[in-house]
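Please read the structure below before turning to the comments.
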Amino acid sequence: MRIATWNVNSVGARLPRLLAWLETAAPDVLCLQELKCTTEAFPLAEVSALGYEVAAYGLGRWNGVAILSKVGIENVQRGLTDEPTYEDAVESRAIGATCGGVRVWSVYVPNGRDVEHDHYAYKLRWLEALRGTVVAESNDEPFAVLGDFNIAPSDEDVWDIGKFAESTHVTEPERKALAMLRDAGLTDVIPRPLKYDRPFTYWDYRALAFPNNNGMRIDLVYANGKFASAVTDAYVDRNERKGKGASDHAPVVVDLTGA
DNA sequence: ATGACTAACCTTGTTAGA
(Lines give C-alpha, C1' and ligand atoms only; values in the text may rest on other atoms or scores of the structure.)
Protein backbone atom coordinates (compact mmCIF):
# COMPACT_ATOMS: atom_id res chain seq x y z
CA MET A 1 0.00 0.00 0.00
CA ARG A 2 1.21 3.49 -0.86
CA ILE A 3 0.28 6.34 1.47
CA ALA A 4 1.29 9.95 0.82
CA THR A 5 0.89 13.42 2.27
CA TRP A 6 0.99 16.74 0.42
CA ASN A 7 0.38 20.34 1.38
CA VAL A 8 -1.00 21.54 -1.96
CA ASN A 9 -1.41 25.25 -1.07
CA SER A 10 -4.92 25.50 -2.59
CA VAL A 11 -6.52 22.40 -4.07
CA GLY A 12 -8.21 24.63 -6.63
CA ALA A 13 -5.02 26.21 -7.92
CA ARG A 14 -3.24 22.84 -7.77
CA LEU A 15 -5.95 20.72 -9.37
CA PRO A 16 -4.23 20.04 -12.71
CA ARG A 17 -1.02 19.02 -10.99
CA LEU A 18 -2.87 17.05 -8.31
CA LEU A 19 -4.76 15.00 -10.90
CA ALA A 20 -1.61 14.34 -12.92
CA TRP A 21 0.29 13.33 -9.79
CA LEU A 22 -2.48 10.97 -8.65
CA GLU A 23 -2.19 9.19 -11.98
CA THR A 24 1.59 8.89 -12.01
CA ALA A 25 2.38 8.31 -8.31
CA ALA A 26 -0.86 6.37 -7.81
CA PRO A 27 -1.06 6.50 -4.01
CA ASP A 28 -3.74 4.33 -2.42
CA VAL A 29 -4.24 6.99 0.23
CA LEU A 30 -3.37 10.68 0.02
CA CYS A 31 -3.57 13.16 2.88
CA LEU A 32 -3.98 16.75 1.69
CA GLN A 33 -3.45 19.99 3.57
CA GLU A 34 -4.13 23.65 2.82
CA LEU A 35 -7.14 23.05 0.62
CA LYS A 36 -7.98 26.77 0.89
CA CYS A 37 -11.62 25.99 0.14
CA THR A 38 -14.75 24.77 1.87
CA THR A 39 -15.81 21.14 2.00
CA GLU A 40 -18.49 21.95 -0.60
CA ALA A 41 -15.96 23.53 -2.96
CA PHE A 42 -13.63 20.51 -3.02
CA PRO A 43 -13.22 19.25 -6.63
CA LEU A 44 -14.96 15.99 -5.84
CA ALA A 45 -15.98 15.01 -9.36
CA GLU A 46 -12.48 15.33 -10.81
CA VAL A 47 -10.85 13.35 -8.00
CA SER A 48 -13.60 10.72 -7.88
CA ALA A 49 -13.15 10.13 -11.59
CA LEU A 50 -9.70 8.74 -10.80
CA GLY A 51 -11.15 6.14 -8.47
CA TYR A 52 -10.77 7.89 -5.13
CA GLU A 53 -13.24 8.27 -2.33
CA VAL A 54 -12.88 11.60 -0.58
CA ALA A 55 -13.34 12.88 2.95
CA ALA A 56 -12.77 16.64 2.94
CA TYR A 57 -13.00 19.21 5.70
CA GLY A 58 -12.78 22.88 4.82
CA LEU A 59 -14.36 25.74 6.71
CA GLY A 60 -13.23 28.75 4.72
CA ARG A 61 -10.52 30.35 2.66
CA TRP A 62 -7.65 29.21 4.88
CA ASN A 63 -6.40 25.77 5.95
CA GLY A 64 -8.60 22.80 5.07
CA VAL A 65 -7.62 19.10 4.99
CA ALA A 66 -8.73 15.96 3.19
CA ILE A 67 -8.11 12.24 2.82
CA LEU A 68 -8.37 10.53 -0.57
CA SER A 69 -8.54 6.73 -0.68
CA LYS A 70 -8.80 3.92 -3.19
CA VAL A 71 -9.04 1.33 -0.41
CA GLY A 72 -12.12 2.50 1.45
CA ILE A 73 -12.68 5.35 3.85
CA GLU A 74 -14.47 4.67 7.12
CA ASN A 75 -15.01 6.20 10.53
CA VAL A 76 -14.27 9.72 9.34
CA GLN A 77 -13.65 12.22 12.13
CA ARG A 78 -13.44 15.94 11.43
CA GLY A 79 -11.34 17.75 14.01
CA LEU A 80 -9.27 16.49 16.94
CA THR A 81 -10.69 15.45 20.26
CA ASP A 82 -10.81 18.62 22.44
CA GLU A 83 -9.29 20.70 19.64
CA PRO A 84 -8.64 24.30 20.67
CA THR A 85 -10.02 27.30 18.80
CA TYR A 86 -8.21 30.37 17.50
CA GLU A 87 -9.86 33.71 18.26
CA ASP A 88 -12.96 31.71 19.25
CA ALA A 89 -13.20 30.01 15.86
CA VAL A 90 -12.87 26.35 14.99
CA GLU A 91 -10.42 25.76 12.12
CA SER A 92 -10.32 22.84 9.68
CA ARG A 93 -6.89 21.42 10.41
CA ALA A 94 -7.38 17.71 11.10
CA ILE A 95 -9.35 14.84 9.61
CA GLY A 96 -9.06 11.18 10.47
CA ALA A 97 -10.25 8.07 8.62
CA THR A 98 -9.61 4.35 8.41
CA CYS A 99 -8.47 3.30 4.94
CA GLY A 100 -7.78 -0.33 4.10
CA GLY A 101 -7.28 -1.16 7.77
CA VAL A 102 -4.91 1.76 8.39
CA ARG A 103 -6.00 4.61 10.63
CA VAL A 104 -4.65 7.87 9.20
CA TRP A 105 -4.88 11.51 10.24
CA SER A 106 -4.23 14.36 7.82
CA VAL A 107 -3.11 17.36 9.86
CA TYR A 108 -2.21 20.96 9.18
CA VAL A 109 -0.60 22.18 12.38
CA PRO A 110 -0.99 25.94 13.00
CA ASN A 111 1.96 27.97 11.78
CA GLY A 112 2.59 29.98 14.93
CA ARG A 113 3.68 33.10 13.02
CA ASP A 114 5.97 34.52 15.74
CA VAL A 115 7.00 33.18 19.11
CA GLU A 116 5.33 36.20 20.74
CA HIS A 117 2.11 35.83 18.74
CA ASP A 118 -1.11 34.31 20.10
CA HIS A 119 -0.92 31.93 17.16
CA TYR A 120 2.20 30.33 18.66
CA ALA A 121 0.43 29.56 21.95
CA TYR A 122 -2.46 28.22 19.89
CA LYS A 123 -0.01 26.00 18.00
CA LEU A 124 1.24 24.46 21.24
CA ARG A 125 -2.31 23.93 22.55
CA TRP A 126 -3.23 22.35 19.22
CA LEU A 127 -0.28 19.96 19.42
CA GLU A 128 -1.40 18.90 22.90
CA ALA A 129 -4.83 18.04 21.48
CA LEU A 130 -3.10 16.07 18.74
CA ARG A 131 -1.19 14.13 21.38
CA GLY A 132 -4.47 13.38 23.16
CA THR A 133 -6.02 12.08 19.97
CA VAL A 134 -2.99 9.89 19.28
CA VAL A 135 -3.07 8.42 22.78
CA ALA A 136 -6.78 7.70 22.42
CA GLU A 137 -6.56 6.07 19.00
CA SER A 138 -3.17 4.40 18.47
CA ASN A 139 -3.30 0.72 19.32
CA ASP A 140 -2.20 -2.57 17.77
CA GLU A 141 -3.56 -1.62 14.36
CA PRO A 142 -1.50 0.46 11.89
CA PHE A 143 -1.86 4.15 12.70
CA ALA A 144 -0.13 7.30 11.48
CA VAL A 145 -0.43 11.06 11.59
CA LEU A 146 0.67 12.58 8.29
CA GLY A 147 0.81 16.20 7.29
CA ASP A 148 2.32 19.63 7.58
CA PHE A 149 3.54 19.80 11.18
CA ASN A 150 5.15 23.22 10.76
CA ILE A 151 8.02 22.00 12.95
CA ALA A 152 11.54 21.05 11.87
CA PRO A 153 12.41 18.13 14.19
CA SER A 154 16.14 18.93 14.33
CA ASP A 155 18.60 21.61 13.30
CA GLU A 156 19.53 19.44 10.32
CA ASP A 157 15.96 19.75 9.07
CA VAL A 158 16.45 23.37 7.98
CA TRP A 159 18.95 24.57 5.41
CA ASP A 160 20.75 26.90 7.82
CA ILE A 161 19.85 26.91 11.51
CA GLY A 162 21.71 30.19 11.83
CA LYS A 163 18.88 31.85 9.89
CA PHE A 164 16.30 30.67 12.42
CA ALA A 165 17.20 32.58 15.56
CA GLU A 166 13.98 33.85 17.20
CA SER A 167 11.94 31.91 14.63
CA THR A 168 9.06 29.53 15.03
CA HIS A 169 9.32 25.95 13.69
CA VAL A 170 12.58 25.21 15.53
CA THR A 171 11.87 26.17 19.14
CA GLU A 172 12.27 23.84 22.08
CA PRO A 173 8.54 23.77 23.01
CA GLU A 174 7.58 22.84 19.44
CA ARG A 175 10.18 20.09 19.31
CA LYS A 176 9.08 18.94 22.76
CA ALA A 177 5.58 18.47 21.34
CA LEU A 178 7.05 16.13 18.72
CA ALA A 179 8.98 14.31 21.44
CA MET A 180 5.72 13.79 23.29
CA LEU A 181 4.27 12.12 20.19
CA ARG A 182 7.30 9.84 20.07
CA ASP A 183 6.84 9.12 23.77
CA ALA A 184 3.28 8.13 22.89
CA GLY A 185 4.72 5.42 20.65
CA LEU A 186 5.07 7.13 17.29
CA THR A 187 8.15 7.01 15.05
CA ASP A 188 9.31 9.75 12.68
CA VAL A 189 9.35 7.96 9.32
CA ILE A 190 12.16 9.91 7.66
CA PRO A 191 11.96 9.85 3.86
CA ARG A 192 14.92 9.74 1.50
CA PRO A 193 15.59 12.77 -0.67
CA LEU A 194 15.62 12.33 -4.44
CA LYS A 195 18.47 14.83 -4.68
CA TYR A 196 20.99 16.39 -2.28
CA ASP A 197 21.61 15.03 1.18
CA ARG A 198 18.61 16.03 3.27
CA PRO A 199 14.90 15.23 2.75
CA PHE A 200 13.46 18.74 2.75
CA THR A 201 9.75 18.96 1.97
CA TYR A 202 9.20 22.72 1.77
CA TRP A 203 10.99 25.51 -0.08
CA ASP A 204 9.82 29.12 0.08
CA TYR A 205 8.60 30.59 -3.20
CA ARG A 206 10.89 33.58 -2.70
CA ALA A 207 14.58 34.22 -3.16
CA LEU A 208 15.36 31.18 -5.31
CA ALA A 209 14.92 28.94 -2.31
CA PHE A 210 14.24 25.83 -4.37
CA PRO A 211 17.13 26.06 -6.82
CA ASN A 212 19.43 26.84 -3.91
CA ASN A 213 17.91 23.98 -1.90
CA ASN A 214 17.12 26.31 0.99
CA GLY A 215 14.46 24.01 2.33
CA MET A 216 12.93 22.63 5.49
CA ARG A 217 11.63 19.21 6.52
CA ILE A 218 8.29 20.07 8.10
CA ASP A 219 5.92 17.62 6.39
CA LEU A 220 6.15 14.54 8.57
CA VAL A 221 4.88 11.00 8.93
CA TYR A 222 4.51 9.98 12.57
CA ALA A 223 3.62 6.29 12.68
CA ASN A 224 2.98 3.71 15.37
CA GLY A 225 4.95 0.48 15.54
CA LYS A 226 2.59 -1.57 13.39
CA PHE A 227 2.72 1.04 10.63
CA ALA A 228 6.43 1.87 10.89
CA SER A 229 7.50 -1.77 10.82
CA ALA A 230 5.61 -2.25 7.53
CA VAL A 231 7.41 0.62 5.76
CA THR A 232 9.51 -0.56 2.81
CA ASP A 233 10.37 2.84 1.33
CA ALA A 234 9.74 6.54 1.88
CA TYR A 235 10.79 9.47 -0.27
CA VAL A 236 10.13 13.15 -0.95
CA ASP A 237 8.89 13.70 -4.50
CA ARG A 238 10.80 16.92 -5.05
CA ASN A 239 9.97 16.81 -8.75
CA GLU A 240 6.54 18.15 -7.80
CA ARG A 241 8.19 21.34 -6.52
CA LYS A 242 9.54 22.10 -9.99
CA GLY A 243 8.08 24.27 -12.68
CA LYS A 244 5.14 26.60 -12.97
CA GLY A 245 2.13 26.10 -10.79
CA ALA A 246 3.90 24.13 -8.07
CA SER A 247 2.96 24.09 -4.42
CA ASP A 248 5.69 25.30 -2.09
CA HIS A 249 5.59 21.82 -0.48
CA ALA A 250 6.51 18.50 -2.10
CA PRO A 251 4.63 15.23 -1.45
CA VAL A 252 6.04 12.67 0.98
CA VAL A 253 5.38 9.11 -0.21
CA VAL A 254 5.49 6.01 1.99
CA ASP A 255 5.24 2.43 0.77
CA LEU A 256 4.05 -0.33 3.09
CA THR A 257 4.12 -4.10 2.75
CA GLY A 258 0.84 -5.91 2.37
CA ALA A 259 -2.52 -5.06 0.80
C1' DA B 1 17.06 23.92 -16.28
C1' DT B 2 14.64 24.13 -10.74
C1' DG B 3 14.81 30.83 -11.82
C1' DA B 4 13.68 36.59 -8.55
C1' DC B 5 6.43 34.61 -4.14
C1' DT B 6 1.65 32.73 -4.38
C1' DA B 7 -3.33 32.39 -3.39
C1' DA B 8 -8.07 33.80 -1.89
C1' DC B 9 -11.10 37.39 -1.94
C1' DC B 10 -13.54 41.08 2.60
C1' DT B 11 -10.05 41.91 -5.16
C1' DT B 12 -6.58 47.64 -7.53
C1' DG B 13 -5.01 46.16 -1.09
C1' DT B 14 -5.17 42.69 2.82
C1' DT B 15 -4.19 38.43 5.13
C1' DA B 16 -1.66 34.36 5.39
C1' DG B 17 2.01 31.35 4.66
C1' DA B 18 7.01 29.78 7.42
Side-chain angles (χ1 to χ4, degrees), chain A residues 5-18 20-21 32-43 56 58-66 86-87 89 91-93 107-124 126-127 147-175 177-178 193-220 236-252:
Chain A
T5 181
W6 191 10
N7 177 325
V8 287
N9 184 17
S10 169
V11 72
R14 215 63 57 215
L15 189 59
R17 288 186 72 131
L18 172 63
W21 191 78
L32 295 175
Q33 301 88 37
E34 269 207 275
L35 303 180
K36 289 188 172 177
C37 70
T38 60
T39 303
E40 295 71 27
F42 187 93
L59 296 175
R61 64 184 288 204
W62 305 118
N63 52 71
V65 288
Y86 181 65
E87 294 181 337
E91 297 185 319
S92 44
R93 294 183 175 275
V107 301
Y108 179 42
V109 177
N111 173 290
R113 300 181 190 170
D114 294 294
V115 174
E116 311 299 330
H117 200 287
D118 287 345
H119 210 256
Y120 178 80
Y122 167 57
K123 181 179 194 174
L124 296 179
W126 201 94
L127 287 161
D148 179 356
F149 281 69
N150 273 316
I151 305 169
S154 80
D155 289 356
E156 298 304 304
D157 292 313
V158 298
W159 80 93
D160 180 359
I161 192 62
K163 299 285 199 297
F164 284 77
E166 314 297 320
S167 295
T168 60
H169 294 60
V170 300
T171 68
E172 189 277 337
E174 290 166 288
R175 288 175 173 172
L178 289 181
L194 295 187
K195 189 178 180 182
Y196 304 119
D197 58 336
R198 289 180 285 177
F200 296 145
T201 66
Y202 162 86
W203 299 261
D204 198 292
Y205 284 124
R206 293 165 290 189
L208 292 171
F210 184 61
N212 291 324
N213 199 33
N214 291 340
M216 304 169 70
R217 185 172 77 93
I218 54 176
D219 298 272
L220 309 176
V236 181
D237 191 355
R238 73 186 296 284
N239 293 323
E240 267 309 310
R241 182 61 182 80
K242 297 177 180 178
K244 278 206 171 300
S247 171
D248 43 2
H249 296 251
V252 176

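Each chain gets a letter, A, B and so on, in the order its sequence line appears, and its residues count up from 1. Keep in mind that what you see is a predicted model, and the values were worked out from it rather than measured. Heavy atoms only: backbone and side chains are in, while hydrogens, waters and symmetry mates are out.
- With sequence neighbours excluded, no residue forms a ring-ring contact (aromatic ring centres under 6.0 Å, His included) with A/Tyr205.
- When the side-chain nitrogen and oxygen atoms of A/His249 are compared with OP1 and OP2 of B/dG17, none of them lie within a distance under 4.0 Å.
- Aromatic rings of A/His117 and A/Tyr120 (six-membered ring for Trp) have centroids beyond the 6.0 Å cut-off, not under it.
- Both A/Gly60 and A/Gly112 lie near DNA chain B, and the one whose nearest nucleotide falls closer to the 5' end is A/Gly60.
- Between B/dT14 and B/dG3, the distance separating the two C1' atoms is 27 Å to the nearest Å.
- If you take atom C1' in B/dA16 and the same atom in B/dC10, they sit 14 Å apart, rounded to whole Å.
- B/dT6 and B/dT11 have their C1' atoms separated by 15 Å, given to the nearest Å.
- In this structure, A/Asn213 atom CG and B/dG3 atom P are separated by 14 Å, rounded to whole Å.
- One interatomic measurement links the two molecules: NE2 of A/His119 to C1' of B/dA18, which rounds to 11 Å at whole-angstrom precision.
- Whole-Å rounding puts the A/Asn214 CG to B/dA18 C1' distance at 14 Å.
- Within the structure, salt bridge (charged side-chain N to carboxylate O under 4.0 Å, His left out) pairs that include any residue of residues 200-217 of chain A comprise A/Asp157-A/Arg217, A/Asp188-A/Arg217, A/Asp204-A/Arg206 (at least two apart or interchain).
- Across the protein-nucleic acid pair, A/Gln33 atom CD and B/dG17 atom P stand 14 Å apart, rounded to whole Å.
- Taking atom CG of residue A/Asp248 and atom C1' of nucleotide B/dA4, one finds them 16 Å apart after rounding to whole Å.
- For residues 236-252 of chain A, the pairs satisfying salt bridge (charged side-chain N to carboxylate O under 4.0 Å, His left out) are A/Arg17-A/Glu240, with sequence neighbours left out.
- Here the side chains of A/Pro193 and A/Phe200 are not in contact, with every heavy-atom distance at 4.5 Å or above.
- For B/dG17, one of the phosphate oxygens OP1 or OP2 lies less than 4.0 angstrom from a side-chain nitrogen or oxygen of A/Arg113.
- Rounded to whole angstrom, the span from the CE atom of A/Met216 across to the P atom of B/dA18 amounts to 9 Å.
- The C1' atoms of B/dA1 and B/dT12 are separated by 35 Å, rounded to the nearest whole Å.
- B/dA16 atom P lies 17 Å from atom CG of A/Asp148, rounded to whole Å.
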When you compare the protein's N or O atoms with those of nucleotides 5-8 of chain B, which come within less than 3.5 Å of each other, and at what distance?
{"residue": "B/dC5", "atom": "OP2", "partner": "A/Ala207", "partner atom": "N", "Å": "2.6"}
{"residue": "B/dA7", "atom": "OP1", "partner": "A/Arg14", "partner atom": "NH1", "Å": "3.3"}
{"residue": "B/dA7", "atom": "O3'", "partner": "A/Ser10", "partner atom": "OG", "Å": "3.4"}
{"residue": "B/dA8", "atom": "OP1", "partner": "A/Ser10", "partner atom": "OG", "Å": "2.7"}
{"residue": "B/dA8", "atom": "N3", "partner": "A/Arg61", "partner atom": "NH2", "Å": "2.3"}

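- If you take OH of A/Tyr120 and P of B/dA16, they are 19 Å apart, rounded to a whole angstrom.
- Using atom P as the reference point in both B/dA4 and B/dT15, the two lie 26 Å apart (nearest Å).
- For A/Trp159, the ring-ring contact (aromatic ring centres under 6.0 Å, His included) partners two or more places apart in sequence, or in a different chain, are A/Phe164.
- Nucleotides B/dT2 and B/dG13 place their P atoms 35 Å apart, quoted to the nearest Å.
- Nearest-nucleotide positions on DNA chain B place A/Arg241 closer to the 5' end than the other of A/Arg241 and A/Tyr108.
- Contact annotation for A/Lys123: no contact, since no heavy-atom pair falls under 4.0 Å across all strands.
- Every residue meeting the side-chain contact (heavy atoms from CB on, under 4.5 Å) condition with A/Ser10, not counting sequence neighbours, appears here in chain and number order: A/Ala13, A/Lys36.
- Nucleic acid contact for A/Gly243: sugar-phosphate only, since backbone atoms but no base atoms lie under 4.0 Å from a heavy atom of the residue.
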- Message: Walk me through whether A/Ile151 and A/Arg175 qualify under side-chain contact (heavy atoms from CB on, under 4.5 Å).
- Response: CA-CA 7 Å; A/Ile151 305 169; A/Arg175 288 175 173 172; 4.3 Å; yes
